[in-house]
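For reference, the structure discussed in these notes is given below.
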Amino acid sequence: MKLGLSSYSLYSALKSKELNILEAIEWTAEQGGEHIEIVPMGFSLDENPDLADAIRQKAENVGIEISNYAIGANFITEDEEQFEQEVERVFKQVDIANRLGVKLMRHDVAWRPIGETSFQQFEQDLPRITDACKRIADYAAEYGITTSVENHGYFIQASDRVQALLHRVNKVNFKTTLDTGNFLCVDENPIKAVKKNIQHASMIHIKDFYYRPEKYNPGEGWFQTTCGNYLRGSIIGHGDIDIYEIIKVIKHSNYDGYISIEFEGMEDCKKGSKISLDNVRRIWEQV
């Protein structure tokens, strides 16, 4: 197991220019992170190949690895031309992943508003999504890169839907980025879902949420699950997810790869990320 940080955890500092991505890499190393996951939010690599090179060099200089490159994508398009454009765009993102030197890359696959996330809609969209993921996995295989889908964005968030896509794509280099907290967004028990999907994981995100039932609207700062319950990101170990049991499941599985802290709470992002790193490291040793 190698514990590190998703650069998304420092998004507010990157967005405000308190940190740039090179400083974020150095800060992660200073906190004891063994790797950093690159999520291009608060900065862009699309037209800046020199920055990709600088990121790779900076990580090498401070002695940590770049674990994963994570981007958004949506293959639910209005027409075939837009679909092809999106696939081609993700091909170019695979090129960036290769330039970063990573062997893991997460790309999202589909997004629909909550009202359009029925299983019937999922079944209808699955062939198109499968086609895109197969093509991208084949392209990435030329670089020795494993691509993945995250349980993310309501539509492809439940463990069974992730597995359905994995089985349809059926590529050895297409797996899942397993986010331990995101299952709660579709009201699925995180512990049970992690147990179901851990064997398919190429990358793990550890996340925690505060949870309130639908009848108790806590106000600003919260968002709703598919069933109307309320969630807010927390420092890992401070929220309502049983992090001890989640980490126990991971530790006792055969997974021996990267684990990224993904902090998205309302606290200062550096403080929240640091406490989260420390908590996960401590809990890992305890369970």
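Environment of NZ in Lys251: crowded, with over 12 heavy atoms of neighbouring residues, nucleotides or ligands closer than 6.0 Å. Atom CD of Glu78 sits in a sparse spot, with 12 or fewer heavy atoms from other residues, nucleotides or ligands closer than 6.0 Å. Heavy-atom neighbours of Asn254 CG from other residues, nucleotides or ligands within 6.0 Å: at or below the threshold of 12.
Between the side chains of Asn197 and Thr176, not a single donor N or O lies within less than 3.5 Å of an accepting N or O. Side-chain polar atoms of Gln224 and Asn229 form no donor-acceptor pair below 3.5 angstrom. In the model, Thr146 has no side-chain atom that pairs as donor or acceptor with a side-chain atom of Ser202 under 3.5 Å. Residues Ser159 and Glu188 have side chains that bring a donor and an acceptor to within less than 3.5 angstrom of each other. Judged purely by distance below 3.5 Å, without hydrogens or angles, the side chains of Asn74 and Glu86 never pair a donor atom with an acceptor atom. Ser260 and Glu37 share a donor-acceptor pair across their side chains, judged by distance under 3.5 Å alone. Of the N and O atoms on the side chains of Tyr69 and Gln93, at least one donor lies less than 3.5 Å from an acceptor on the other residue.
When every heavy atom of Ile64 is checked against every heavy atom of Gly33, the shortest pair comes out as CG2-O, 3.1 Å. When every heavy atom of Cys269 is checked against every heavy atom of Leu10, the shortest pair comes out as SG-CA, 3.9 Å. Here the closest heavy-atom approach between residue Leu5 and residue Ser273 is recorded as CD1-CB, 3.8 Å. Between Lys207 and Ile241, the shortest heavy-atom contact is O-CD1, 4.0 Å. Ile129 and Ala110 make their closest contact through CD1-CB, 3.7 Å (heavy atoms, listed as atom of the first residue, atom of the second, distance). Across every non-hydrogen atom of Val102 and Ile145, the tightest pair is O-CG1, 3.5 Å.
Sequence neighbours left out, the pairs with a member in residues 17-45 that pass ring-ring contact (aromatic ring centres under 6.0 Å, His included) are His35-Tyr258. The side chain to side chain donor-acceptor pair (under 3.5 Å) pairs that include a residue from residues 12-23 are Glu18-Lys270, where partners are two or more places apart or lie in different chains. Applying the ring-ring contact (aromatic ring centres under 6.0 Å, His included) test to pairs two or more places apart or on separate chains, those with a residue in residues 148-202 are His167-His200. Residue pairs that meet the ring-ring contact (aromatic ring centres under 6.0 Å, His included) test with at least one member in residues 203-234, sequence neighbours left out, are Phe209-Phe223.
At a threshold of 4.0 Å, the pair Asp125-Arg112 counts as salt-bridged, since one of the basic side-chain nitrogens sits closer than that to a carboxylate oxygen. Checked for salt-bridge contact, Asp53 and Arg56 miss the test: no charged N lies under 4.0 Å from a carboxylate O. Between Asp95 and Arg99, no side-chain nitrogen of the basic residue sits less than 4.0 Å from a carboxylate oxygen of the acidic one, so the salt-bridge criterion is not met. Classification of Glu123 and Arg161 as a salt-bridged pair fails, no side-chain N sitting under 4.0 Å from a carboxylate O. Taking a cutoff of 4.0 Å between a charged side-chain nitrogen and a carboxylate oxygen, Lys196 and Asp160 qualify as a salt bridge.
For the pair Val149/Arg106, no side-chain contact is recorded, criterion being any heavy-atom separation below 4.5 Å from C-beta on.
Under the rule for a ring-ring contact (aromatic ring centres under 6.0 Å, His included), His252 has no partner lying at least two apart in sequence or in another chain. For Phe119, the ring-ring contact (aromatic ring centres under 6.0 Å, His included) partners at least two apart in sequence or on another chain are Phe122.
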